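Every heavy atom of this structure was used, including side-chain atoms; hydrogens, water molecules and symmetry mates were not. Just so it is clear, the structure is predicted and the values come from calculations on it, not from any experiment.
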Amino acid sequence: MVFLPGPQYAPLDPIPDDIPISEFMLNEKYGRTPHAQSRDPFTCGLTGKSYSSRATVDRVDHFARGLAKELGWAPNRGTEFDKTVGVFSVNTIDAVPFFWGVHRLGGVVSPANAAYSAAELKYQILDSGAKALFTCVPLLSVALEAAALAGLPKNRVYLMDVPEAIMGGAKVPSGFKTTEQLAEAGKSLPSLEPLNWGPGEGARRTAFLCYSSGTSGLPKGVMISHRNVIANTLQITAFEKYHRASQPLTNGQPLHTDVSIGLLPQSHIYALVVICHAGPYRGDQVVILPKFELNVYLRAIQQFKITSLFLVPPIIINMLRSQDVCSKYDLSSVKTLFTGAAPLGMETALDFQKVYPNVVIRQGYGLTETSTVVSSTLPGDVVLGSSGCFLPGVEARIMTPEGEEVTSYDTPGELVVRSPSVVLGYLNNEKANKETFEDGWMRTGDEAVVRKGPNDTEHVYIVDRIKELIKVKGLQVAPAELEAHLLTHPAVADCAVIAIPDDAAGEVPKAVVVKSASAGSDEDAIEAIKKHVQDHKARHKWLKGGVRFMDAIPKSPSGKILRRLLRDQEKEARRK
Ligand code: 4UV
């Protein structure tokens, strides 16, 4: 039984497959709302600095010219992977125009989480084959360490423009070129030749290489094509048109007054595609904040009269727990709260609704491997707990563990989806590609049911996770990565890492460890193991769920860790 979006949705516009994302986003002929022309797509929430729509077009062009000269690249020379740049930065208004500049050259952007340690960043630089790294002053020392470990020369490390307020008094050090300088140099360089892409080229070429562990194993480079991002942007737009069509029109266009908050990390697919592409395409002004700080975030909502919040459940919980702070700010401009990346608890949703009765809560579900959104709730059609209806262009199936296709509503199984936004696959990983992708279909590793909703709509509910992934504050933590790391510690003979629920973060990792003969007391070993993770891994991967010792890790005859068993044991222990 293939579940489809209802016929009530606007049809999906044709998806161009012969242009880069930069062209789609910046050339008016590809359907951006006319509002987009008069709006500043990206505004810094700390300084108020903004690029107008026109200035963004120029900046992308100048970046592309400057970068081409700097790195000796040309739009039609080499494959896209000959032109991969790593990005390791806090959020900045500089980022997306810079990404589009790389796309204008036919290159690939591989964004890394700004919380990464040098070792984690080194892994991504090497795995992605990045030829240059763009970072920012606050992260420069980590970036330099990673670059040295990866063998990337220091003169291939560049600085992005970030607000002085987050530089802690540091100045841009000499000896590093900045994006500002590259764009400035680009102004006086000759125009670039056009990208001479034929039909289908945009569907074959990778634009972003984001990292996801998929259903198992280590983080993998997800090859997101130009067409994938364009497709999801158009899918989101078509879905939104459904409800906007019933709203008053301004200049013949559906009224559009969204000012959204760009607070989530731009390295993650949610912020990258939903906020920074679909948003500006339909005319949103995105107010970018470098990182989450409650007061700064609340002040930005008040100052910029933010209408749409794009958040993950832990930030919503944080807001609810900090009502004494939140109530000091005027948040009355907010009309919609979008949530995704992890399940929104029913209680949290109801509490939020009580405190902010005028805000419509909407939930989206998606993955890096689907260039983000698969389903979303509509305003006025919100069924709490539901991840909404499938977007135009999505087909979905539910498969039982026995490989049977579910043929009725309300029957759980693994959600398998097909969509023009399903990515090209994992870089250099045939095994994972075979396990995950087939004929355009993608195994999500999520357990779901489809239920009939109001007005005969079909709603998808994500009920559990089959894959190994742990989601901490909406960010991915791969158990296999932590297990491999723990095994390098002398106190650890064997181990498994599992997710345990956490009120604030959603989930946190917990290690189940078989102690080695040389390990000291339990207390010492726990401290040493936790420290081993803290010293080498980003904060969201720390073992906040603790460490438990066992005599042996339960495994299947083929050696696979029986994670569900461990998780059930953990549940049982908590129940007691
Ligand atoms: O690959 P990733 O880190 O991707 C994301 C994407 C977040 C999205 C997607 C659509 C939106 O509209 C939006 O607002 C945010 O997080 O992780 C993918 C996994 O995250 C879990 C699920 O296990 C995916 O396989 N996940 C994502 N969204 C939800 C979710 C959700 N609404 N409910 C439950 N789990």
Side-chain angles (χ1 to χ4, degrees), residues 45-46 90-91 113-115 166 260-265 268 270-271 275 287-365 377 382 384-387 462 465 470-477 499-510 530 534 538-546 570-571 574-575:
L46 292 189
V90 297
N91 288 351
N113 189 311
I166 63 154
S260 66
I261 195 95
L263 163 79
L264 301 176
H268 186 251
Y270 181 0
I275 307 177
V287 175
I288 302 278
L289 288 175
K291 54 185 178 180
F292 180 69
E293 257 178 71
L294 188 64
N295 277 299
V296 175
Y297 154 76
L298 296 168
R299 199 180 320 123
I301 297 178
Q302 176 177 288
Q303 183 185 345
F304 294 96
K305 299 196 175 14
I306 300 289
T307 59
S308 299
L309 299 179
F310 287 93
L311 302 179
V312 289
I315 298 182
I316 302 169
I317 292 168
N318 188 330
M319 282 180 79
L320 289 171
R321 287 186 180 168
S322 318
Q323 274 310 301
D324 51 331
V325 186
C326 292
S327 60
K328 292 194 186 123
Y329 294 87
D330 177 5
L331 309 183
S332 61
S333 56
V334 177
K335 304 273 180 292
T336 315
L337 161 70
F338 289 88
T339 171
L344 178 69
M346 194 80 97
E347 226 171 88
T348 309
L350 293 171
D351 285 351
F352 191 90
Q353 208 67 96
K354 244 184 252 153
V355 183
Y356 302 104
N358 298 326
V359 176
V360 175
I361 304 175
R362 299 182 60 191
Q363 175 155 224
Y365 160 78
T377 55
V382 175
L384 285 179
S386 156
S387 282
I462 305 302
R465 202 177 296 132
I470 304 173
K471 271 283 171 116
V472 181
K473 297 187 173 175
L475 295 171
Q476 291 202 3
V477 177
I500 59 166
D502 180 86
D503 284 348
E507 293 176 342
V508 286
K510 174 167 187 166
K530 281 186 166 176
Q534 289 172 11
R539 185 177 277 269
H540 62 281
K541 299 179 186 172
W542 292 3
L543 297 173
K544 300 258 173 59
E570 199 62 44
K571 262 192 208 156
R574 294 173 150 256
R575 226 171 36 84

Would you give the length of the straight line joining atom NZ of K571 to atom CD1 of I500, rounded to the nearest 0.5 angstrom?
12.5 Å
P509 side chain reached by V472 side chain, heavy atoms, under 4.5 Å:
yes
Once you measure the plane-to-plane angle for Y356 and F352, does it fall in the parallel (<30°), tilted (30-60°) or perpendicular (>60°) bin?
tilted
Backbone N or O of Y365 within a donor-acceptor pair of the S387 side chain at under 3.5 Å?
no
Which pair of non-hydrogen atoms, one from N91 and one from L264, has the smallest distance, and what is that distance?
ND2-O, 2.8 Å
Approximate separation, where rounding is to 0.5 Å, of Q534 CD and R539 CZ
8.0 Å
Smallest separation among heavy atoms of S260 and I275, with atom names
OG-CG2, 4.3 Å
Can you find a pair of side-chain heavy atoms, one from I166 and one from V90, that are under 4.5 Å apart?
yes
Donor-acceptor contact below 3.5 Å, side chain Y297 vs main chain I261
no
Tell me if the CG atom of D324 is crowded by more than 12 foreign heavy atoms within 6.0 Å.
yes
Return the minimal non-hydrogen interatomic distance between V312 and A341, and the atom names on each side.
CG1-CB, 3.8 Å
Do side-chain atoms of Q323 reach the backbone of M319 as a donor and acceptor pair under 3.5 angstrom?
yes
Which atom of P314 lies closest to which atom of A504, heavy atoms considered
CB-O, 3.1 Å
Heavy-atom nearest pair, A300 first then L289, reads CB-CD1, 4.1 Å
For side chain to side chain contact (heavy atoms under 4.5 Å, CB included), just list the numbers for K471 and R465, CA-CA rounded to whole Å, side-chain angles, deciding distance to a tenth of an Å, and then say yes or no.
CA-CA 10 Å; K471 271 283 171 116; R465 202 177 296 132; 3.4 Å; yes
Charged N to carboxylate O below 4.0 Å: is that the case for E507 and K473?
no
N318 backbone acceptor or donor facing S322 side chain under 3.5 Å:
yes
To the nearest 0.5 Å, what is the distance between CZ on R321 and OG1 on T348?
8.5 Å
Side chain to side chain contact (heavy atoms under 4.5 Å, CB included) between K291 and E293: does it pass, once the steps are laid out?
CA-CA 6 Å; K291 54 185 178 180; E293 257 178 71; 3.8 Å; yes
Measure the CG-OG1 distance between N358 and T336 for me, rounded to the nearest 0.5 Å.
11.5 Å
Would you check, one step at a time, whether the test side chain to side chain contact (heavy atoms under 4.5 Å, CB included) holds for R574 with E570?
CA-CA 6 Å; R574 294 173 150 256; E570 199 62 44; 4.2 Å; yes
Taking Q363 for its side chain and S386 for its backbone only, find out whether a donor-acceptor pair lies under 3.5 Å.
yes
Could you tell me if the side chain of L46 sits less than 4.5 Å from the side chain of V296, heavy atoms only?
yes
Could you tell me whether the side chain of T307 reaches within less than 4.5 Å of the side chain of V334, counting heavy atoms only?
no
Closest approach of L543 and K530, non-hydrogen atoms and distance?
O-CE, 3.7 Å
Under the criterion side chain to side chain contact (heavy atoms under 4.5 Å, CB included), I'd like the reasoning laid out for I361 against L344: C-alpha separation, chi angles, the key distance, then a yes or no.
CA-CA 10 Å; I361 304 175; L344 178 69; 3.9 Å; yes
Classify the ring geometry between F338 and F310 as parallel (under 30°), tilted (30 to 60°) or perpendicular (over 60°).
parallel
Distance from L320 atom CG to K354 atom NZ, nearest 0.5 Å?
10.0 Å
Within a 6.0 Å radius of atom CD on E347, are there more than 12 heavy atoms belonging to other residues, nucleotides or ligands?
no
So, do N113 and H540 sit near enough that their side-chain heavy atoms are less than 4.5 Å apart?
yes
Rounded at 0.5 Å granularity, tell me how far CD in Q302 sits from OG in S333.
9.0 Å
